Amino acid sequence: QKEVEQDPGPLSVPEGAIVSLNCTYSNSAFQYFMWYRQYSRKGPELLMYTYSSGNKEDGRFTAQVDKSSKYISLFIRDSQPSDSATYLCAMSAGGFKTIFGAGTRLFVKA
Amino acid sequence: DTEVTQTPKHLVMGMTNKKSLKCEQHMGHRAMYWYKQKAKKPPELMFVYSYEKLSINESVPSRFSPECPNSSLLNLHLHALQPEDSALYLCASSRQGYGYTFGSGTRLTVV
């Protein structure tokens, strides 16, 4: 079993839809939870990070962490074609190792 | 300056060549990383430098040799690579051990 599981998609939605991206994990030591966005042929860009459980909102993006279920989510409201990218969840126990999910490819159709 | 700059952006090298990848950041981050990413795969950790000292080597073959000359610079020296080493090589930095700033990467092709 992988430490972090993420459905690779692809996920295709119409413009304006609410997008839900999810990851599950098995290591209860993870404390820091991140979401990165990666456009084709570019490096990943940190979108949000959350410490421990709870919600965090930044503009159209909301990150949720449920440590009891070992489940994290990223919601994108009013999705735009420019949101089309690969979204990587990532987790850390606080050291220098971050474990990445496989990435979900998202396509937002105009 | 909130960027990690990587050079070159593209590199084609033969299996007998020696080349180096360079990475620079001026955000005062004390941790710097090398990652390797194959197409449609997540980044894989290769090396971590903390305060200019190598703290993690993920059992990377010796044909990859990292170097951290100072707190702003990170190099990856390449020698006798194999075609399967072709990938996107990403440099990243962070203030703590999470929440990285990545560079745009060097797309390496070994022929």
Side-chain angles (χ1 to χ4, degrees), chain A residues 2-11 21 23-25 27 29-52 56 58 61 63 65 72 74 84-107, chain B residues 2-7 9-10 21 23-25 27 29-59 66 68 74 87-109:
Chain A
K2 292 182 182 176
E3 278 191 288
V4 178
E5 299 275 5
Q6 182 177 11
D7 186 339
L11 177 63
L21 303 167
C23 289
T24 59
Y25 63 95
N27 187 345
F30 288 145
Q31 295 285 343
Y32 300 92
F33 303 91
M34 282 74 68
W35 285 96
Y36 290 85
R37 176 176 63 196
Q38 186 172 23
Y39 292 112
S40 182
R41 299 182 172 273
K42 296 288 188 183
E45 171 194 4
L46 179 65
L47 276 178
M48 303 187 72
Y49 82 88
T50 309
Y51 172 70
S52 195
K56 190 171 186 178
D58 184 1
F61 299 90
V65 175
I72 72 170
L74 178 71
S84 298
T86 297
Y87 290 80
L88 297 147
C89 65
M91 306 178 192
S92 168
F96 287 111
K97 279 196 183 183
T98 291
I99 308 299
F100 286 86
T104 299
R105 296 181 72 196
L106 171 67
F107 296 95
Chain B
T2 58
E3 285 189 341
V4 172
T5 303
Q6 288 189 246
T7 55
K9 292 194 184 308
H10 301 276
L21 309 184
C23 174
E24 189 168 3
Q25 60 91 10
M27 294 176 281
H29 290 174
R30 291 308 189 183
M32 296 185 75
Y33 311 77
W34 281 115
Y35 276 85
K36 173 183 176 180
Q37 187 176 28
K38 293 277 211 177
K40 299 185 180 180
K41 297 289 186 183
E44 298 174 21
L45 181 63
M46 300 176 71
F47 302 103
V48 181
Y49 274 84
S50 173
Y51 289 92
E52 301 164 45
K53 287 186 172 21
L54 183 65
S55 65
I56 295 178
N57 175 343
E58 288 288 275
S59 302
C68 189
L74 189 64
L88 181 66
Y89 287 84
L90 293 161
C91 175
S93 69
S94 69
R95 194 171 302 280
Q96 304 96 345
Y98 56 90
Y100 302 158
T101 301
F102 279 94
S104 291
T106 294
R107 189 159 299 279
L108 174 67
T109 304

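Numbers restart at 1 for each chain; the letters A, B, ... are given by sequence-line order, proteins then strands. Here the structure is a predicted model, which is why all the values come from computation and not from measurement.
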Honestly, the part of A:Tyr39 sitting under 4.5 Å from a heavy atom of chain B is neither
Notebook entry, point to check: Side chain, backbone, both or neither: which part of A:Gln38 has a non-hydrogen atom closer than 4.5 Å to chain B?
Noted result: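 Side chain of A:Gln38 only, per the 4.5 Å heavy-atom cut-off to chain B.
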Does [atom1] belonging to [X] count more than 12 external heavy atoms closer than 6.0 Å?
X: A:Lys97; atom1: NZ; value: no
X: A:Lys2; atom1: NZ; value: no
X: B:Tyr49; atom1: OH; value: yes

Heaviest contributor of heavy-atom pairs below 4.5 Å to chain B, chosen from A:Ala93, A:Ala90, A:Gly101, is A:Gly101
Going from [atom1] on [X] to [atom2] on [Y], what distance comes out if it is rounded to the nearest 0.5 angstrom?
X: A:Arg41; Y: B:His10; atom1: CZ; atom2: NE2; value: 7.5 Å
X: B:Ser55; Y: A:Phe96; atom1: OG; atom2: CZ; value: 5.5 Å
X: B:Gln37; Y: A:Phe100; atom1: CD; atom2: CZ; value: 8.5 Å

### Task
Using non-hydrogen atoms and a 4.5 Å limit, figure out which bit of B:Glu58 sits close to chain A: side chain, backbone, both or neither.
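Side chain of B:Glu58 only, per the 4.5 Å heavy-atom cut-off to chain A.
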When the 4.5 angstrom heavy-atom criterion is applied to B:Thr101 and chain A, the contacting part is neither
What one should report as the nearest heavy-atom pair of B:Tyr100 and A:Thr98 is OH-OG1, 3.0 Å
Can you confirm whether A:Pro44 sits close enough to B:Leu90 that some side-chain heavy atom of one is under 4.5 Å from a side-chain heavy atom of the other?
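Yes, at least one pair of side-chain atoms sits under 4.5 Å.
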